[in-house]
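Notes follow the structure.
Residue numbers run from 1 in the order of the sequence given. Just so it is clear, the structure is predicted and the values come from calculations on it, not from any experiment.
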Amino acid sequence: MKTFKQERTVDPDEQGRRQAAIQSQLDGVRTGLSQLHNALNDVKDIQQSLIDVNKDWRQSINAIENLKDVKDAVVQHSQLAAAVENLKNIFSVPEIVRETQDLIERGELLQAHRKLMDLECSRDNLMYEQYRMDSKNTHDMNLIHTYFGDMQKLSEELAKQLWMVVQRSLVTVRRDPTLLVSVVRIIEREEKIDRRMLDRKKQTGFIPPGRPKKWKENMFNILERTVSIRIEGTQADTRESDKMWLVRHLEIIRKYVLDDLLVAKTLLDQCFPPHYDIFKRLLSMYHQALSTRMQELAAEDLEANEIVSLLTWVLNTYKSTEMMGNSELSPEVDANSLDLLLSQNVVDQLLSKYMSTLTSNIIGWLRKALETDKKDWVKETEPEADQDGYYQTTLPAIVFQMFEQNLQVAAQISEDLKTKVLLLCLQQMNSFLTRYKDEAQFYKEEHLKNRQYPQCYVQYMIAVINNCQTFKESIISLKRKYLKVEMEETLSSSHASMDAILDIIAKEGCSSLLDEVFMDLEPHLNELMTKKWLLGSNAVGTICVTVEDYFNDFAKIKKPYKKTMTMEAHRRVVVEYIRAIMLKRISFKNAEERKEGAEKMIKEAEQFRFLFKKLASGSGEDTEGLCDIIEAIAEVIKLTDPSLLYLEVSTLVSKYPDIRDDHIAALLTVRGDASRDMKQTIIETLDQGPSQPNPNYVPIFKEITVPTLTVPKLLK
């Protein structure tokens with residue numbers, strides 16, 4: 001088999017492209033080699049230049065050292081140039097000082113400050129150049145400083161003028177706000193110079209004498225002192241010269257502070273740059289000054305009313321619409337966000353001292369009020385009557401007026417203090433009523449020693465009784481007005497205790513008045529159930545007239561006690577009448593006498609019934625029951641058939657179950673026809689019988705003692 005070799009043919013175009021590519025690469029290599037050759041030559045040239053520079057530098061070291069004199073001459077030239085530049089000012093320093101002084105005296109503060117700045121600039125430049133030349137040369141520095149010495153006095157004089165304007169800024173801003181603006185501009189200039197000098201000090205270490213002046217800081221210090229002095233200076237009086245000194249002092253402070261802050265907000269704020277925040281700074285100053293002043297006042301030995309005035313002002317007035325809460329100060333001033341002028345600890349101490357002082361005062365006031373009232377009790381004129389004609393003294397009004405005043409004052413401070421004061425008043429009222437009861441009892445005892453004195457004893461005892469009702473009503477009114485509903489339970493026991501004491505005082509007063517009545521009735525009561533009585537004595541008529549006469553005065557007793565007194569008088573009259581029966585002063589001899597005596601008893605019972613019905617008119621009192629006892633006894637005496645005596649007596653006992661054996665025996669003795677055996681039989685039989693007492697019956701016989709037969713009577 002024959003193999004054939006096939007030859008490969010090349011496209012002419014492709015061959016041309018390959019040649020062009022190779023040629024391009026070769027050109028690039030050639031160019032790169034050329035650049036590397038040039039770079040090598042440049043490096044060699046630079047290396048040679050550095051060798052030459054190093055050689056020249058080494059050769060010039062000695063030459064530089066030889067130029068030190070030239071350097072010194074340059075510095076001296078610079079100083080001389082500065083001196084020449086300020087030469088005019090240097091020579092004219094005395095003249096400029098005089099001109100500046102004149103400007104200050106004329107009040108042209110801006111122009112004066114401009115000249116002062118020029119003088120300071122000349123001095124500072126000279127001192128700076130001297131410092132640069134020789135910082136240790138204090139002689140030349142002192143020389144410059146001395147030469148410009150008057151300038152420092154000018155600065156101080158100008159500052160004095162500025163501070164005078166600042167002190168009166170709240171007045172100046174109304175009369176001449178331009179002057180205040182000028183002062184602020186001067187202070188701002190000085191602040192800028194201060195900053196510039198401090199920056200230069202950081203760079204060079206040099207700062208002119210008297211820098212930084214810190215006039216802005218001084219201005220705020222002056223304002224702060226001015227505010228403090230203004231607050232302190234409002235105290236025009238002392239306690240010795242005016243009892244209301246603190247109230248006046250606090251009111252003046254309130255007015256001044258409010259006026260000042262309103263001026264500061266509306267006018268002063270416009271005279272200062274915004275970054276001064278002048279109103280906020282002033283507000284803080286006033287708050288701090290007030291806090292300091294309030295602490296000073298709190299540290300004094302304040303009286304109770306002064307403590308109240310201070311706390312009311314601090315806790316209420318300060319943040320009220322009358323002061324910091326004034327609508328014209330908002331929104332810049334938020335009264336609720338202001339701190340307390342006094343710490344809570346100081347407030348608590350003041351409140352504790354107030355309560356302690358108030359306690360002593362109330363005790364003293366109550367004692368004095370009672371002593372004054374006691375003096376009225378012995379007067380020869382009747383006590384005053386209220387609008388309804390009831391006798392009264394001024395004691396309840398005085399006591400509760402005092403309580404009201406203290407509660408109103410306490411309410412101004414806080415709700416908690418008001419409650420504490422109310423509790424204190426009621427607590428002291430409880431103690432006071434005990435003393436009142438003792439004094440009323442002593443009044444009665446003294447009267448009994450001599451019934452002619454005091455002349456108006458009855459009337460004033462009525463007034464004491466009526467005062468008890470007034471006290472009750474006043475206590476209720478006071479609690480309703482000043483005590484929260486949820487606190488009433490706390491005072492319920494105290495209230496009940498006071499009511500009980502008042503009821504005792506009134507009851508004892510009524511009893512003493514009735515004692516007075518029955519002391520006058522005693523001779524007439526002694527006539528009852530005697531021979532004289534049986535023969536036609538008008539003792540009961542006299543008793544009724546006397547009681548009615550007394551009750552004309554007793555009409556001046558207020559209803560709750562008048563009703564009680566009428567019932568008690570009724571009961572005591574009946575008791576005394578029955579006691580007269582039980583005394584066995586008479587023993588009827590026959591049926592005719594028994595009939596006559598019984599009918600007289602029934603008639604007199606009717607007289608009593610009529611009297612007390614009249615006295616009790618409108619009171620709703622049941623006057624029937626008591627007089628029925630007399631009539632029931634009269635029926636026993638009147639009975640003509642002795643065989644029915646047991647039945648009549650048993651009826652009497654069933655109605656009045658507290659009647660005792662000795663009462664029955666005495667009653668049968670008065671009848672005069674019952675033998676000892678009959679008495680014994682009736683009593684024994686009654687003792688064995690059942691007793692069914694009326695649940696509404698109020699025992700009366702238990703108060704009546706039957707006298708036992710004594711040896712003298714037996715002999716008689």
(message) So H447 and M461, do their side chains get closer than 4.5 Å, heavy atoms only?
(response) no

(request) Could you tell me whether the side chains of E516 and Y457 share a donor-acceptor contact shorter than 3.5 Å? (result) no

(request) Look only at the side chain of S477 and the backbone of E473, and say whether a donor-acceptor pair between them is shorter than 3.5 Å. (result) no

(message) According to side chain to side chain contact (heavy atoms under 4.5 Å, CB included), who are the partners of K420, at least two apart in sequence or on a separate chain?
(response) M355, D416

(request) May I ask you to check whether over 12 heavy atoms, not counting those of K507, lie within 6.0 Å of atom NZ? (result) no

(request) Answer yes or no: is there a donor N or O on one side and an acceptor on the other, between the side chain of D658 and the main chain of I700, under 3.5 Å? (result) yes

(message) Show the nearest heavy-atom pair for residues N466 and K556, with the distance to one decimal.
(response) ND2-O, 2.7 Å

(message) If we ignore hydrogens and angles and just use 3.5 Å, is the side chain of K584 paired with the main-chain N or O of T669 as donor and acceptor?
(response) no

(request) Kindly determine whether Y482 and F403 satisfy ring pair (Phe, Tyr, Trp, His ring centres under 6.0 Å), including the steps that lead there. (result) CA-CA 11 Å; Y482 293 101; F403 286 169; over 10 Å; no

(message) I'd like to check R367 versus F432 (side-chain heavy atoms, cut-off strictly below 4.5 Å). Are they in contact?
(response) no

(request) Please determine if R609 and D628 form a salt bridge, counting it only when a charged side-chain N lies under 4.0 Å from a carboxylate O. (result) yes

Per-pair distances, 0.1 Å, donor-acceptor, side chain in residues 346-353, under 3.5 Å, sequence neighbours excluded:
from: D348; atom 1: OD1; to: Q344; atom 2: NE2; distance (Å): 3.0
from: K353; atom 1: NZ; to: D301; atom 2: OD1; distance (Å): 3.1
from: K353; atom 1: NZ; to: L302; atom 2: O; distance (Å): 3.4

(request) Not counting sequence neighbours, list each pair that qualifies as a ring-ring contact (aromatic ring centres under 6.0 Å, His included) and has a residue in residues 501-524. (result) none

(message) If we count only N and O atoms by modelled type, under 3.5 Å, do the side chains of T470 and K558 hold a donor and an acceptor together?
(response) yes

(request) Determine, for D503 against K437, whether the closest basic-nitrogen to carboxylate-oxygen distance falls under 4.0 angstrom. (result) no

(message) Do M529 and W533 have side chains that approach each other closer than 4.5 Å (heavy atoms only, starting at C-beta)?
(response) yes

(request) Without swapping roles, check the side chain of S414 against the backbone of A410 for a donor-acceptor pair under 3.5 Å. (result) no

(message) Salt bridge or not between E703 and R579? Use side-chain N to carboxylate O under 4.0 Å.
(response) no

(message) Using 30° and 60° as the class boundaries, would you call the ring planes of Y577 and F608 parallel, tilted or perpendicular?
(response) perpendicular

(request) Decide, yes or no, whether a salt bridge links E604 with K600 under the criterion of side-chain N to carboxylate O below 4.0 Å. (result) yes

(request) Name the orientation class of the two ring planes belonging to F400 and F471 (parallel below 30°, tilted from 30 to 60°, perpendicular beyond 60°). (result) tilted

(request) Decide yes or no on salt bridge (Lys or Arg N to Asp or Glu O under 4.0 Å) for R239 and E306, but give the supporting numbers first. (result) CA-CA 10 Å; R239 185 182 295 123; E306 293 168 350; 2.7 Å; yes

(request) Kindly compute the distance separating CG (D520) from CG (L525), expressed to the nearest 0.5 Å. (result) 10.5 Å

(request) Could you tell me which residues satisfy salt bridge (charged side-chain N to carboxylate O under 4.0 Å, His left out) with D549, sequence neighbours excluded, listed by chain and number? (result) none

(request) Give a yes or no on whether the backbone of L426 and the side-chain of N430 come within a donor-acceptor separation of less than 3.5 Å. (result) no

(request) Answer with yes or no whether the side chains of E568 and T564 bring together a donor and an acceptor at under 3.5 Å. (result) no

(message) Donor-acceptor pair, distance only, cut-off 3.5 Å: does the side chain of H663 make one with the backbone of I704?
(response) yes

(message) Would you say W377 and E446 are linked by a side-chain donor-acceptor pair, where the criterion is simply a distance under 3.5 Å?
(response) no

(message) Strictly distance-based, threshold 3.5 Å: is any side-chain N or O of R480 a donor or acceptor partner for the main-chain N or O of I475?
(response) no

(request) Check the pair D373 / T393 against side chain to side chain donor-acceptor pair (under 3.5 Å), numbers first and verdict last. (result) CA-CA 7 Å; D373 206 55; T393 68; 2.9 Å; yes

(request) State, without any angle test, whether E384 and Y391 hold a side-chain donor-acceptor pair at a distance under 3.5 Å. (result) no

(request) Would you check if C627 and E606 make a side-chain contact, meaning some heavy-atom pair closer than 4.5 Å? (result) no

(request) Measure from the side-chain N and O atoms of R585 to the backbone N and O of L528, and report whether any donor-acceptor pair falls under 3.5 Å. (result) yes

(request) Would you check if there is a donor-acceptor pair between the side chains of R293 and H249 at a distance under 3.5 Å? (result) yes

(message) Restricting to side chain to side chain contact (heavy atoms under 4.5 Å, CB included), what partner residues turn up for Q392, sequence neighbours left out?
(response) D386, N467

(request) Could I get the full list of side chain to side chain contact (heavy atoms under 4.5 Å, CB included) partners for K379, not counting sequence neighbours? (result) D376, T381, Y460

(message) Donor-acceptor check, side chain of R571 to backbone of L626, threshold 3.5 angstrom: yes or no?
(response) no

(request) Could you tell me whether E251 and R248 make a salt bridge, using a distance below 4.0 angstrom between a side-chain N and a carboxylate O? (result) no

